[in-house]
2 protein chains.
Amino acid sequence: MPRNRRPRDREEKRAEIVAAARRLFVERGYEAVSVARIAGAAEVVSNTVYWYFQDKDAVLIAVLDEVLADSLDRFDAVARADLVDRLVWVVDELEQVSRLVSTVHARSKESAAVREWHDRFHLLAEGMFRIELAELGLSDADLDAVIAMGVFVIEGLLMHSPGAADKRAVLSALVRGIRGLAVTAP
Amino acid sequence: MPRNRRPRDREEKRAEIVAAARRLFVERGYEAVSVARIAGAAEVVSNTVYWYFQDKDAVLIAVLDEVLADSLDRFDAVARADLVDRLVWVVDELEQVSRLVSTVHARSKESAAVREWHDRFHLLAEGMFRIELAELGLSDADLDAVIAMGVFVIEGLLMHSPGAADKRAVLSALVRGIRGLAVTAP
DNA sequence: ACCTGAACACCGTTCAAGT
DNA sequence: ACCTGAACACCGTTCAAGT
């Protein structure tokens with residue numbers, strides 16, 4: 001007999017809680033979902049959640065990690081597409097979790113752990129943008145400004161969810177605006 | 001004796017509650033401030049708030065109206081400045097209430113009344129942007145896209161509060177990008 | 001190590017009762 | 001009309017107790 005009986009149980013139960021929380025957070029939003037409801041969906045009692053997680057924000061962070069990992073896994077599929085198409089893809093992908101976008105911003109003001117996750121996510125997003133734009137030959141100052149603009153525009157699109165045509169028009173204007181800056185750089 | 005003794009009491013008490021809520025929401029954030037605390041600061045008991053307001057979101061909307069009115073009042077002061085300067089001014093002005101920006105987005109998902117306020121605010125902001133940009137001679141499709149971009153960039157700056165230099169760099173890149181679009185319009 | 005029953009302090013909100 | 005005391009159902013979280 002193995003020394004640790006069913007050694008995968010811990011991870012399994014934890015994963016069940018995260019899966020339940022993910023579905024509920026995406027469907028109804030973080031504030032609207034109580035810890036008791038998450039626990040119920042994972043077939044435990046509410047205080048059991050605190051055996052696996054420090055608090056409700058820690059559950060949120062586990063959900064965010066899972067959602068982000070899933071999206072990054074799928075990113076390869078469009079790696080070779082046109083820049084505008086890739087941006088549309090990113091927004092479409094993240095739009096499924098648009099509730100989480102405003103949740104992250106709201107919780108970042110209250111929870112240091114969520115703020116850390118948010119800051120790391122921005123670094124990741126900015127790094128990806130930087131790679132995309134490196135070849136355009138922008139000045140250093142403009143490059144930073146344009147990366148920030150790109151992130152803000154994507155966040156705005158996620159939070160306000162316009163129709164597909166408007167979304168593409170905004171991203172196209174963004175990219176053309178950036179290309180214009182590269183041409184007229186001092 | 002007047003039929004209504006002290007006829008201004010109602011508005012006074014209401015105004016006191018809004019003033020207390022405004023200070024607390026700006027300092028500590030909507031979620032972190034309980035109705036009981038607002039009531040305490042306005043020297044009433046917590047259920048008295050519900051005599052003047054339908055619910056906590058209604059208090060938030062009254063605060064938002066007050067903050068917005070104050071900002072619009074001050075807007076004349078910069079009406080003649082350069083476009084980038086005006087945008088910097090708007091962001092600086094709204095930055096004092098940056099906590100409220102993410103609150104509005106978070107509550108818009110839960111409360112129909114807050115969502116209505118948010119949508120009206122966007123119409124106002126978009127209208128002001130449209131006037132600013134009318135003279136640039138953008139195509140209709142680009143004008144809408146550029147207005148959305150402008151609003152998203154301002155919201156992003158408010159939510160992430162970068163330093164003054166970064167802020168100006170982003171707004172400058174935005175305006176130059178937009179001007180570039182006008183030049184190369186089809 | 002893992003899970004629970006019971007409790008804690010607090011939340012937004014309601015309502016009958018007072019003036 | 002205006003305000004309150006008391007209560008309601010619920011919240012995130014803690015802890016001693018069980019296995």
Side-chain angles (χ1 to χ4, degrees), chain A residues 1-22 24-25 28-63 103-104 106-114, chain B residues 1-21 24-25 28-63 103 106-114:
Chain A
M1 284 286 276
R3 248 174 305 197
N4 291 325
R5 208 165 54 91
R6 306 202 59 198
R8 276 210 240 111
D9 263 16
R10 169 154 239 268
E11 285 311 312
E12 274 171 24
K13 199 86 230 171
R14 203 192 123 102
E16 268 175 54
I17 293 172
V18 174
R22 175 177 181 169
L24 290 166
F25 286 168
R28 297 170 206 269
Y30 178 85
E31 303 283 355
V33 173
S34 69
V35 173
R37 208 165 188 320
I38 298 167
E43 293 180 306
V44 288
V45 111
S46 75
N47 43 1
T48 298
V49 172
Y50 291 86
W51 175 258
Y52 292 94
F53 299 92
Q54 210 198 324
D55 53 26
K56 196 184 173 188
D57 285 311
V59 180
L60 173 63
I61 289 169
V63 168
T103 297
V104 167
R107 293 307 304 162
S108 285
K109 301 253 152 92
E110 320 291 331
S111 153
V114 176
Chain B
M1 285 287 276
R3 246 173 309 197
N4 291 326
R5 207 167 52 93
R6 306 202 56 196
R8 274 210 241 112
D9 264 15
R10 169 155 240 270
E11 284 311 313
E12 274 171 23
K13 199 85 230 171
R14 203 192 123 102
E16 268 175 54
I17 293 170
V18 174
L24 290 165
F25 286 168
R28 298 169 205 270
Y30 179 84
E31 304 283 357
V33 173
S34 70
V35 173
R37 207 164 189 319
I38 298 166
E43 292 179 308
V44 288
V45 110
S46 74
N47 43 359
T48 298
V49 172
Y50 291 86
W51 176 257
Y52 292 95
F53 300 93
Q54 210 198 325
D55 52 25
K56 196 185 174 187
D57 286 312
V59 180
L60 173 62
I61 289 168
V63 167
T103 297
R107 294 305 306 162
S108 285
K109 302 253 151 90
E110 321 291 330
S111 154
V114 176

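Residue numbers begin at 1 in each chain, while the letters A, B, ... track the order of the sequences.
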- Message: I need the CG-P distance between A:D55 and D:dC11, as an integer number of Å.
- Response: 17 Å
- Item | Whole angstrom value for the distance that separates C1' of D:dC11 from CD of B:E110 | 15 Å
- Note on the structure: Checking C:dT13, D:dT4, C:dT4 against the side chain of B:Y50 (C-beta onward), the nearest is C:dT13
- A:Y30 backbone acceptor or donor facing A:K56 side chain under 3.5 Å: yes
- Query: With a 4.0 Å cut-off on heavy atoms, is B:V59 in touch with a base, just the backbone sugar-phosphate, or nothing at all?
  - Reply: nothing
- Task: Go ahead and name the base partner of C:dT4; Watson-Crick or wobble counts if both distances stay under 3.5 Å, otherwise write none.
- Result: D:dA16
- Message: Rounded to whole Å, how long is the line connecting atom NZ of B:K56 with atom C1' of C:dT14?
- Response: 17 Å
- Item | Pairing partner of D:dC10 (Watson-Crick or G-U wobble, both distances under 3.5 Å) | none
- Tell me which nucleotide among C:dC2, D:dG12, D:dT4 gets nearest to the side chain of A:W51. C:dC2
- To the nearest angstrom, how far is B:R37 atom CZ from C:dA9 atom P? 19 Å
- Task: May I have the distance from B:L60 (atom CG) to C:dT13 (atom C1'), rounded to whole angstrom?
- Result: 17 Å
- Whether over 12 other heavy atoms sit under 6.0 Å from B:E43 CD: no
- Task: Can you tell me the distance, in whole Å, between the CD atom of A:E31 and the P atom of C:dC11?
- Result: 14 Å
- Expected output: side-chain A:S108 to main-chain A:V104 donor-acceptor under 3.5 Å: yes
- Residue B:T48, side-chain atoms from C-beta onward, closest of D:dT13, C:dG12, D:dT4: D:dT4
- Any side-chain heavy atom of A:E31 within less than 4.5 Å of one from B:K109? no
- Task: Indicate yes or no: at least one non-hydrogen side-chain atom of A:I61 is less than 4.5 angstrom from one of A:F53.
- Result: no
- d(CZ, A:R14; P, C:dA1) in whole Å: 17 Å
- Query: Starting at CZ of A:F53 and ending at P of C:dC2, how long is that distance when rounded to a whole Å?
  - Reply: 13 Å
- Query: NA contact type, B:S34, heavy-atom cut-off 4.0 Å: base, sugar-phosphate, or nothing?
  - Reply: sugar-phosphate
